[in-house]
Amino acid sequence: MNCHFSNENIRVVIEESLFKIVITNLIKNAFQHSSNNAIEINVNHHQIQTTNAIDKNSNLSASFAETSFGVGLQLIERICDKLHWQFQVTQDDNTFTTTLSWIPEK
């Protein structure tokens, strides 16, 4: 497994237990559905983004919402709705990206 992680030496004030649940699901699914088990994680003061190359043998190339993340995706969406976080999924032929954004503390 390879993981590229970058940050800006930041400190985030956020609901820790729910944040851990969301991040764990995002990273686990990125590894599970990546080719070569390689993912990229980028973090800044208001978002975290995971990107992985799509494993063509994975269900990820089918419908994301229906086949890949299932209950995990529903859990992420419910937590994001509750805490007013933004969650986006983008996919092209080769990569799959999730972006979780929140309002930074002032």
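What you see is a predicted model, and the numbers here were worked out from it, not measured in a lab. Both backbone and side-chain heavy atoms feed into the values below; hydrogens, waters and symmetry mates do not.
- We find the CD1-CD1 distance between Ile23 and Ile41 to be 8.5 Å, quoted to the nearest 0.5 Å.
- Put simply, the side chain of Phe96 does not reach to within 4.5 Å of the side chain of Ile39, judged on heavy atoms.
- Summarising the geometry, atom OG1 belonging to Thr97 is positioned 10.5 Å from atom CD belonging to Gln88; distances are rounded to the nearest 0.5 Å.
- Closest approach of Trp85 to Glu15, counting heavy atoms only: CH2-O, 4.5 Å.
- Pairs engaging residues 21-35 under the salt bridge (charged side-chain N to carboxylate O under 4.0 Å, His left out) rule: none recorded [sequence neighbours left out].
- Within the model, atoms CD1 of Ile21 and CG of Leu75 stand 6.0 Å from one another, a figure rounded to the nearest 0.5 Å.
- Summarising the geometry, atom CG belonging to Leu100 is positioned 10.5 Å from atom NE2 belonging to His46; distances are rounded to the nearest 0.5 Å.
- For the atom pair OG1 (Thr51) and CD (Gln91), the distance works out to 12.0 Å, reported to the nearest 0.5 Å.
- Taken from OG1 in Thr95 to CG in Asn52, the straight-line distance is 8.0 Å, to the nearest 0.5 Å.
- The minimum heavy-atom distance between Asn44 and Trp102, with the atom names listed, is O-CZ2, 4.1 Å.
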